[in-house]
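Report on one structure; see the data block that follows.
Along the sequence shown, the residues carry numbers beginning at 1. Fair warning: this is a prediction, and the values are worked out from it, not measured in the lab.
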Amino acid sequence: MGAADRSGPEQDPSLEPGGLLDVLGVAAIVLSSEGRIALWSPQAEALFGYSAAEALGRPAARVLVDEQHVAWVLSWFAGIMSRGRAWAGVFPVRHKDGSTRLTEFRNMRLEDGQGRHYALLLASDEATLRRLERDLALSLRLVEQSPIGLAAVDTDLRYILVNPALERINGISALEQLGHTTGEALPFLDARGIESAMRTVLETGTPLLDQLTVGRTPARPTVERAWSVSYYRLDDPGGRIVGVASSIVDVTEQHRSEIAAAAARRRLTVIADASERIGTTLDLDVTARELADVLVPEFADFAAVDVLDSVLSDSTARTGDGSPAMFRALAIKTAYRTPLAEAADPVGEIARYDASRLVTRSVRKGRPLLVAHVTDADLPRIARDEAAAELLKQARIHSYMAVPLRARGQVLGALDMMRARNPHPFGEDDVLLATELAARAAVCIDNARWYQSQRHAALALQRHLLPARPTQPPGLEVAYRYQPAGSVVEVGGDWFDVVALAGDKTALVVGDVMGSGINAAATMGQLRTAARTLARLDLDPATVLTHLDGIAGGLDETIATCVYAVYDPHDGSCRLASAGHLPPVYTRRGHAPRLLDLPTGVPLGVGGAAFEDVRLTLGEGDELLLYTDGLVETRDHPIDTRLQALTDLLNRDRPSLEATCDLLLDALHHHDGTDDVALLLARTRRAGGLSG
């Protein structure tokens with residue numbers, strides 16, 4: 001089949017049935033000048049029941065008209081044929097089945113090339129015509145008077161109908177839209193998305209309902225509005241696709257309310273999240289990172305947490321409005337890879353912020369500063385220098401906010417936040433949220449700062465009170481370790497001591513004051529000093545503990561445990577006594593380590609208890625380990641299991657006492673634990689050159 005065959009009328013979709021005339025079923029009848037039926041269409045057969053064979057050649061008045069109307073019809077026909085006068089109206093026609101049908105007629109005279117006259121009758125069922133007229137009138141009235149925007153486009157997505165309501169919504173007349181696509185007529189909207197939705201409906205026939213679109217129109221070019229749009233495919237009665245209809249409802253207020261409600265929910269979520277995630281520890285740096293993690297990326301694309309260096313050093317800061325400020329960056333966080341990270345002050349370093357910087361002004365004034373829409377002129381006031389300002393420009397920040405970190409009436413530092421990819425500028429609600437988060441975080445930061453200061457003070461005091469590295473005593477090789485608690489303020493009262501006594505004897509002491517902080521460290525120093533003083537009196541261990549118990553009872557609610565041993569290298573004897581302390585570990589050369597079965601006694605400070613000595617003879621190369629409970633006690637394991645793990649470690653081949661101490665700490669002590677660890681390991685050796 002050739003191209004001409006394929007493009008013939010039978011393939012032309014414009015000739016397919018299904019139009020309005022087919023719905024009306026318009027019948028065409030041609031009468032000769034004598035009133036006989038000369039032409040009879042298939043629609044005439046459908047309307048009146050007579051086939052062409054039954055109708056052609058017969059007088060129309062005899063076929064279609066009741067007897068009572070024949071005279072009028074003949075007169076009417078004569079008038080049309082003689083004067084060419086057209087006639088339209090409703091006339092009762094006799095159907096083949098004997099019934100009478102009201103039929104709408106349009107009649108006119110025709111003339112051929114030889115001057116002969118004919119009558120053309122166009123007829124349609126009157127009821128069908130009235131129904132279509134009513135439907136059309138109703139549709140037109142609805143379209144014209146509807147408060148909802150209504151539009152229709154053809155299959156090329158060009159407007160063929162725009163009602164007055166949509167003219168008002170779009171702010172342009174229907175004439176400016178008809179014949180144009182959405183992209184041509186309404187370029188200020190999301191034309192690509194709208195036309196994509198229309199194409200989908202054209203292809204699938206499935207309506208798309210309540211599609212939200214947001215934009216600005218010439219009607220109100222400065223105000224962003226929202227519409228709910230529904231799309232429906234238009235098919236003619238024959239099923240041919242003719243276009244897409246759309247209904248447009250302005251839902252701006254509802255959309256704004258939903259946005260406000262969503263923003264409120266997000267704010268509550270952020271605040272709830274902050275309550276759980278900020279302040280989980282008393283570590284200053286961790287707390288700052290937790291604050292930054294809460295803010296990014298949910299709230300900002302970038303956040304920096306800076307504190308005044310004077311706050312960390314407990315010095316008095318200059319408060320004049322014209323003075324610079326010294327800040328230390330604690331944390332920065334970005335939502336993605338961006339030059340903002342390079343523009344920020346490095347974490348841990350001290351930076352000098354000029355008085356002109358917005359963050360300095362925020363700290364000095366003690367209130368938030370908002371730049372909702374950042375311009376190039378604002379960048380020097382935000383960045384630390386020109387290079388950083390250029391990085392901010394590259395990152396395309398468009399909104400900035402600085403919020404002071406205020407706790408207990410003091411400004412500790414500031415919170416810097418920026419938005420770049422997040423398209424929405426910071427607003428007043430964001431300022432309120434950031435201020436709330438900053439206030440919560442500031443209290444946590446202040447607690448962490450205070451506890452960190454307390455920790456430093458306690459560590460300094462404790463290190464001052466602990467013994468300097470002892471010299472190796474006669475007949476013993478000694479190694480020791482002291483490990484502070486991993487948490488911020490749990491520095492406590494663990495101590496050890498090696499005291500040289502008369503006659504080449506050596507006292508080995510390990511103790512643990514219950515509690516933590518400066519008070520525990522100070523109490524430890526008192527008990528250690530008392531123990532050293534009593535040891536030099538050459539008293540037996542039980543007597544020393546009895547005196548220490550009395551001293552502890554005189555201190556304010558002091559409870560401590562202690563194990564005290566005296567070794568004599570001349571005869572290898574070792575006398576030990578315990579005041580509520582964990583048992584020492586004795587490792588005899590060539591034998592497995594074992595826990596010494598000492599009378600446990602009660603802790604120091606309880607009062608009224610008797611302590612007992614135990615005598616042990618040590619051979620050359622034997623070892624004795626004294627330790628505090630921080631080495632073995634955990635919340636997750638029974639103490640017997642942990643003590644077994646300790647003796648198992650000591651049963652290994654070990655190159656030296658120092659290596660043994662490291663092994664025990666690495667294997668048993670949790671470095672982020674909440675208790676100090678003190679351990680003292682002694683090994684007997686050949687006692688050459690002893691006096692006696």
Side-chain angles (χ1 to χ4, degrees), residues 6-26 43 46 124-125 127-167 169-170 172 174 176-215 217 225-251 254-255:
R6 290 195 301 271
S7 61
E10 67 276 6
Q11 300 297 325
D12 187 350
S14 65
L15 299 181
E16 294 178 2
L20 183 60
L21 292 178
D22 293 295
V23 175
L24 290 171
V26 177
Q43 289 81 4
S124 179
D125 180 68
T128 301
L129 182 60
R130 296 289 88 81
R131 176 173 55 82
L132 288 178
E133 287 175 343
R134 287 193 302 270
D135 290 347
L136 180 59
L138 179 61
S139 298
L140 290 175
R141 181 63 62 91
L142 287 175
V143 169
E144 291 295 323
Q145 299 187 6
S146 172
I148 298 174
L150 299 173
V153 297
D154 60 18
T155 53
D156 293 327
L157 305 185
R158 296 187 177 277
Y159 284 102
I160 56 177
L161 180 145
V162 173
N163 77 336
L166 189 56
E167 289 182 294
I169 289 174
N170 290 338
I172 60 176
E176 295 175 271
Q177 299 177 65
L178 295 177
H180 298 284
T181 64
T182 302
E184 294 168 350
L186 308 169
F188 35 78
L189 297 180
D190 179 19
R192 180 177 298 180
I194 293 172
E195 292 177 356
S196 175
M198 290 178 176
R199 289 191 185 93
T200 299
V201 172
L202 274 177
E203 293 169 2
T204 65
T206 302
L208 287 178
L209 306 178
D210 300 324
Q211 304 296 298
L212 182 68
T213 184
V214 178
T217 69
R225 305 196 66 81
W227 301 275
S228 176
V229 186
S230 297
Y231 302 96
Y232 313 85
R233 192 171 74 184
L234 296 175
D235 300 333
D236 68 12
R240 185 176 58 187
I241 300 171
V242 295
V244 175
S246 58
S247 61
I248 301 94
V249 179
D250 192 315
V251 293
Q254 177 185 344
H255 181 61

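Applying the side chain to side chain donor-acceptor pair (under 3.5 Å) rule to Glu167 yields no partners; only residues at least two apart in sequence or on another chain are considered. Scored by the side chain to side chain contact (heavy atoms under 4.5 Å, CB included) test, Val214 finds Leu212, Glu224, Ala226, His255 as partners (sequence neighbours excluded). Remark: Ala185 engages Gln177, His180 in a side chain to side chain contact (heavy atoms under 4.5 Å, CB included) (not counting sequence neighbours). Shown here are the salt bridge (Lys or Arg N to Asp or Glu O under 4.0 Å) partners of Asp125, two or more places apart in sequence or in another chain: there are none. Taking the side chain to side chain contact (heavy atoms under 4.5 Å, CB included) definition, one finds that Leu161 meets it with Val143, Ala152, sequence neighbours left out. Among residues two or more places apart in sequence or in another chain, the side chain to side chain donor-acceptor pair (under 3.5 Å) test is passed with Gln254 by Glu258. When the salt bridge (Lys or Arg N to Asp or Glu O under 4.0 Å) test is applied to Asp154, no partner is found at least two apart in sequence or on another chain. Remark: Tyr232 engages no residue in a side chain to side chain donor-acceptor pair (under 3.5 Å) (not counting sequence neighbours). The side chain to side chain donor-acceptor pair (under 3.5 Å) check on Asp156 picks up nothing, with sequence neighbours excluded. Residues that satisfy the side chain to side chain contact (heavy atoms under 4.5 Å, CB included) test with Ile248, not counting sequence neighbours, are Leu166, Ile169, Trp227, Val229, Ser246.
Heavy-atom minimum distance, Ser247 versus Leu150: CB-CD2, 3.8 Å.
Atom CG of Leu186 and atom OG1 of Thr217 lie 8.5 Å apart (nearest 0.5 Å). The distance from atom CG of Leu189 to atom CD1 of Ile194, rounded to the nearest 0.5 Å, is 5.0 Å.
Residues Thr181 and Arg158 meet the side-chain proximity criterion, which asks for heavy atoms closer than 4.5 Å. Counting heavy atoms from C-beta outward, Gln43 and Val26 have side chains that stay 4.5 Å or more apart. Residues Thr182 and Met198 form a side-chain contact, since some pair of their non-hydrogen atoms from C-beta on lies under 4.5 Å apart.
The main-chain N or O of Ile148 is found under 3.5 Å from a side-chain atom of Asn163 such that the two form a donor-acceptor pair.
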Donor-acceptor contacts under 3.5 Å from residues 202-211 side chains, at least two apart:
residue, atom, partner, partner atom, Å
Thr204, OG1, Thr200, O, 2.8
Thr204, OG1, Thr206, N, 3.2
Asp210, OD1, Ser228, OG, 3.3
Gln211, NE2, Leu209, O, 2.9

